[in-house]
Amino acid sequence: METNHPHTHRDPPVRGPTPPYIPQIRLYQHWLRDARGLQFDSYDALWRWSTTELDAFWQSVWDYFDLQSPTPHTAALACNTMPGAQWFPGAQVNYVRQVLRHVDAAHAAGLPAIISRNEKGNHRELAWPELRRQVASLALHLQAQGVQPGDRVAAYLPNVPEAMIAFLATASIGAVWSICAPDMGTHAVLDRFRQIEPKVLISVDGVTYGGRDHDRTGVLAELRAGLPSLQHVLLLGNLDASISIAGCASWASATARNDAETAAFEPMWLAFDHPLWIVYSSGTTGLPKPIVHGHGGSMLVALQLKVLHNDIGCSYEANSFGERYHWYSSTGWVMWNAQMSGLLSGTTCVTFDGNPGGSKELPDWGVLWRFAAETGVTFFGAGAAFFANCMKAGITLSDYGDLTRIRALGTTGSPLSPEVQQWGTAQFEALGTTDIWWNNISGGTDFCGAFIGGNREMPQVPGEMQCRMLGAAVEAWNAEGQPVTDEVGELVCAQPLPSMPLYLWGDKDGSRYLSSYFDMYPPGHGRQPGGGDGPASMGAVWRHGDWLKIGANGGCTIYGRSDATINRHGLRMGTSEIYSAVESLPEVLDSLVVDLEYLGRESYMPLFVVLRPGQALDEALRARINAAVRTALSPRFVPDDIFAVAEVPRTLSGKKQELPIKKLLLGQPIEKVVNKDAMANPGCLDWYVAFAAERAQTLPAA
């Protein structure tokens with residue numbers, strides 16, 4: 001049964017007694033003891049086993065979650081190479097089968113699959129059998145349009161239940177899913193979807209955000225014109241349920257079937273590494289990288305992350321009965337994938353579509369808190385910037401209803417400052433929750449998982465993440481490529497994870513994949529499980545592009561990007577995409593952008609522009625530059641400041657020197673960050689040195 005009514009008429013959820021919530025990682029360790037005869041006297045010992053005995057660890061995850069395959073696999077990790085590790089050869093899986101196995105038990109317990117709301121108060125609850133029916137109906141519709149395993153289905157949808165249904169239907173028949181959020185402009189979406197040549201596009205007519213409706217039918221027309229591979233378009237009427245556009249099929253009719261064929265529908269069995277979805281991560285040059293993840297690896301790592309580390313349980317099991325999992329996200333962020341993964345373990349997912357801060361005219365940082373109170377959320381996650389904004393706005397959580405069912409707060413996207421964590425803890429103490437747990441995680445779109453995160457049983461240190469994840473052989477390496485403790489170094493992962501990319505779409509020889517993650521250190525260096533060098537045939541370690549410090553107690557701190565990629569609250573964008581937008585303006589000859597988030601400071605992104613002679617950087621031009629970024633990419637990537645400069649520093653080969661300027665603005669001396677002899681225009685550095693010195697005087701201590 002799906003209900004649809006404004007939240008103003010809702011009764012609050014029934015409050016049962018809070019379940020005991022024995023930590024999920026403790027239950028897993030009990031299982032290891034009883035089923036495997038393995039006991040560990042510390043988390044560090046458990047982690048070292050999981051990153052040394054990789055085959056045994058990942059097999060234990062498969063068995064613990066009782067994953068199913070009609071055919072046996074010969075090993076968990078058959079070949080330890082990076083890239084190219086072979087996981088579970090012989091096994092057949094389907095992400096959607098793992099979701100739908102919970103339908104009957106969850107429904108019998110009276111628990112919904114998805115609870116959703118938007119800014120207008122449109123509140124819906126989707127029952128598990130109705131989720132299954134709509135997925136089956138849409139899957140059969142897609143097959144009727146000729147969609148085959150391996151075909152791409154692209155979506156331009158907001159964070160609504162239909163996006164989850166569309167993904168599940170696509171994956172159930174072996175097609176490959178890819179989604180962009182409707183806050184992205186035509187140019188940015190086409191840069192992504194053109195690369196993968198989708199057969200089907202599922203689009204929305206518009207969205208509501210910040211108190212305003214935003215029509216997207218014009219973008220839809222441009223996407224249809226710009227994607228010649230399209231054979232079928234489905235239209236979801238989000239703003240106007242009765243909308244009809246020529247050449248577009250109706251979402252409502254595609255999901256309306258309720259017959260013997262839908263009742264009998266089952267997701268097909270697929271190879272463990274069959275492509276599941278394509279996500280995008282932008283570097284400093286070229287088009288966004290289309291990253292392909294597989295069904296089996298994505299499923300395994302999602303369960304490892306969400307259950308064992310995020311401590312999110314199955315909603316119909318006694319230990320975690322009534323679990324309601326909310327992580328605020330847009331569909332353009334990998335946390336949307338992480339939110340959806342709640343369904344893998346039979347967990348009710350609670351989603352919100354809209355601005356978490358109200359509107360410009362009526363700022364309101366209580367939006368999500370009221371939503372959580374009214375829906376009985378137990379795990380509340382958001383980007384670190386959300387919590388910082390709540391603190392800055394001076395809100396008091398007790399004003400927003402009964403939040404006492406929340407026992408855990410998840411954060412990611414950027415480092416969470418100690419001050420914000422302490423503020424949140426004090427807010428929950430005032431509500432009577434004396435043991436609120438902050439689950440601060442850091443990972444990436446690149447492998448759809450986390451390297452560093454939480455452990456419900458470990459002590460909390462504000463500003464730190466508690467531990468390295470099980471199975472994730474993460475180290476901080478110094479300039480010599482040696483692991484260091486209590487020092488900031490490059491974040492590397494020395495062993496493969498099942499959810500690392502299968503490949504980058506269109507990267508025929510694998511060179512782009514190699515250069516993105518594996519070209520900094522020599523093959524074999526640091527690759528022996530447990531430490532030490534392995535043969536060169538094992539390949540190189542994964543270099544992630546973050547600065548990391550691992551403390552003596554195992555706690556971890558991320559200090560921002562070690563490369564020039566822009567990371568705005570967890571959403572990554574290549575600088576090349578920003579340049580493309582800015583330099584399309586006739587007034588702008590050249591540009592340079594850097595994102596300064598080191599040492600946990602709030603992200604600050606200045607843009608430096610070289611203007612055509614006779615042009616001045618007045619308010620009108622600033623507005624045009626900001627509008628160009630907002631329209632082509634997203635409002636999230638509008639710069640914090642714009643400065644006119646005489647030149648952009650470049651190497652002798654013509655490359656913009658983003659990373660040296662970023663390091664300079666983060667406080668490093670110019671002679672340590674750049675080799676002037678390798679520059680085409682070293683004289684321009686004086687301006688940037690003076691700018692860095694001036695800015696340093698205005699910065700608070702990190």
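Any value given below was found using the heavy atoms of this structure, including those in side chains, with hydrogens, waters and symmetry copies removed.
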| Counting only N and O atoms by type, is there a donor-acceptor contact under 3.5 Å from the side chain of R622 to the main-chain atoms of I642? | yes
Is it true that the side chains of E222 and T186 contain a donor and an acceptor less than 3.5 Å apart? yes
Does one side chain, of T411 or N440, offer a donor that lies under 3.5 Å from an acceptor on the other? yes
- Check the side chains of T208 and E119 for a donor-acceptor pair under 3.5 angstrom, ignoring hydrogens and angles. no
Are Y156 and F193 near enough that their ring centres are under 6.0 Å apart? no
With side chains defined as the heavy atoms from C-beta onward, is the minimum distance between W505 and Y280 less than 4.5 Å? no
| Ring-face cation contact, Y579 with K656, 6.0 Å cut, 45° max | yes
Sequence neighbours excluded, the answer for ring pair (Phe, Tyr, Trp, His ring centres under 6.0 Å) partners of W365 is F386
- prompt: Is there a side-chain contact between W277 and V292, using heavy atoms and a 4.5 Å cut-off?
  reply: no
**Prompt:** For the rings on W423 and F387, is their centre-to-centre separation under 6.0 Å?
**Reply:** no
Check your understanding: Does a side chain donor of either Y517 or D446 reach within less than 3.5 Å of an acceptor in the other side chain?
Key -> yes
Residues passing the ring pair (Phe, Tyr, Trp, His ring centres under 6.0 Å) test with F352, sequence neighbours excluded, are F371
